[in-house]
Number of protein chains: 2
Amino acid sequence: MLASYAPSVRFETLDDALAALRERGLRISTPRRLVLEALFEAEGPVSAEHLARRLELDVASVYRNLETLERSGLAAHLHLGHGPSLHVLVGRGEREYLYCEGCGAVETLVPDALDRVRAEVRRGFGYEARFTHFPIVGLCPKCAASPPGRR
Amino acid sequence: MLASYAPSVRFETLDDALAALRERGLRISTPRRLVLEALFEAEGPVSAEHLARRLELDVASVYRNLETLERSGLAAHLHLGHGPSLHVLVGRGEREYLYCEGCGAVETLVPDALDRVRAEVRRGFGYEARFTHFPIVGLCPKCAASPPGRR
DNA sequence: CTGTGTGCAAAGGCTTTGCACTCAA
DNA sequence: TTGAGTGCAAAGCCTTTGCACACAG
């Protein structure tokens, strides 16, 4: 139980992901493969702009591919504060983050780390909270300790 | 205890707010007063565009005033899903919301409603979660019950 | 009178869309 | 061979900025 929002299928490897795309009748163009590889190699969530620059691809193509990957259940995007959307691979677990508004740090969480928080929201309001699209934002222990530091 | 992010000063009335602006050496122009009044009358968070249209003001002026109000601690903005930022008055308590990604419903919470959720985040990760800037997003009881309904 | 705040217009980030060409299947 | 996917360019949202004028204090 504790349904969570884990993907129903897990794509652990690049080949798994490519196979899934082929099964959907999608083609494996060079840009598409590059984007997918870059997501596999990424340390954390990345922006379309970042991928385009790093891979020397047109940003429009990157956006279209990210959308395709998202519709295929291979990738997802999330919002950390202001600025561009960030993209991650789905299927290897880590989909939830804690974002510190003080120092900008992003802490990657293991899959069920927020289950107790979700349970608390469910208990109080009946809402099934998702923290995948809009992660929990706050102040990390260090920033929470330092001077009031508004904003 | 349970510090929360309640404003240190409370502005219950329009006159309180106007006085606070004057104290800061800010002028009370007609557009500024209209924006403030509209925020006092608003049912919930509103966009700059909405205010501009409703008040027949230039949208740039609305944005500037919202920023001024925010810097003065009278207003705040938050992000509910995609789309424009939404603005609310600070100082009358309600600053936290639950947003349903299924049906778009926005549930306004009383000031300390999320204290137990915050406590759970603190307990688990040492983070001091803020839900004022990026509210908790999920599925309301009704949407959580209905078919899987991705997205 | 002074300079803060205004409307209008232009520009700036992020993202999407139109279009003709390329290349995966 | 053919249409899905590409690069390039333009446009679309949301928001900010520049500038000359207006008006609050």
- Considering heavy-atom distances to DNA chain C, does A/Y63 or A/R22 have its closest nucleotide positioned more toward the 5' end?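 Nearest nucleotide further toward 5': that of A/Y63.
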Distance check needed: [N] [atom2] versus [X] [atom1], whole Å only.
X	N	atom1	atom2	answer
A/L51	D/dT6	CG	P	13 Å
A/L80	C/dC14	CG	P	14 Å
A/R53	C/dC14	CZ	P	10 Å
B/H82	D/dT15	NE2	P	14 Å
B/R64	C/dT6	CZ	C1'	7 Å
B/H87	D/dC14	NE2	C1'	10 Å
A/E67	C/dC14	CD	C1'	15 Å

Selection from [options] that lies nearest to any side-chain heavy atom of [X]:
X	options	value
A/A60	C/dG7, D/dC8, D/dT6	D/dC8
B/R27	D/dG25, C/dC14, C/dT17	D/dG25
A/P84	C/dC14, C/dG7, D/dT6	C/dC14
B/N65	C/dC8, C/dT6, D/dC8	C/dT6

- Query: To the nearest 10 degrees, what angle separates the axes at the start and end of the helix from C/dC1-D/dG25 to C/dA25-D/dT1, five pairs each?
  - Reply: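 About 30° separates the two local helix axes.
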- Message: Go nucleotide by nucleotide along DNA chain D from the 5' end; which of A/L57 and B/L26 gets its closest nucleotide reached first?
- Response: A/L57
- Residue closer to the 5' end of DNA chain D, B/T30 versus B/E49 (nearest nucleotide):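 Upstream on the strand: B/E49.
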- Task: Could you give me the CA-CA distance, side-chain angles and deciding distance for B/L34 and B/L51, then say whether side chain to side chain contact (heavy atoms under 4.5 Å, CB included) is met?
- Result: CA-CA 9 Å; B/L34 287 173; B/L51 291 170; over 6 Å; no
- Below 3.5 Å, does any donor atom in the side chain of A/R33 face an acceptor in the base of D/dG5, or the other way round? no
- Task: State whether B/R32 places a side-chain N or O below 4.0 Å from either non-bridging phosphate oxygen (OP1 or OP2) of C/dG5.
- Result: yes
- Within the structure, does a side-chain N or O atom of B/S29 lie under 4.0 Å from either OP1 or OP2 of C/dT6? yes
- Query: Are any of the side-chain heavy atoms of A/L21 and A/L69 separated by less than 4.5 Å?
  - Reply: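 Side-chain contact under 4.5 Å: yes.
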- Task: Can you see which heavy atom on A/A75 is nearest to which on A/L39, and at what distance?
- Result: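 It is CB-CD1, 4.1 Å.
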- Task: For residues A/E12 and A/F40, report the shortest heavy-atom separation together with the two atoms involved.
- Result: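 Closest heavy-atom pair between A/E12 and A/F40: O-CE2, 3.5 Å.
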- Message: What contact category does B/S47 fall into here, base, sugar-phosphate, or nothing, at under 4.0 angstrom with non-hydrogen atoms?
- Response: nothing
- Query: Once the angle between the rings of A/H79 and A/H133 is folded into 0 to 90°, is it parallel (under 30°), tilted (30 to 60°) or perpendicular (over 60°)?
  - Reply: tilted
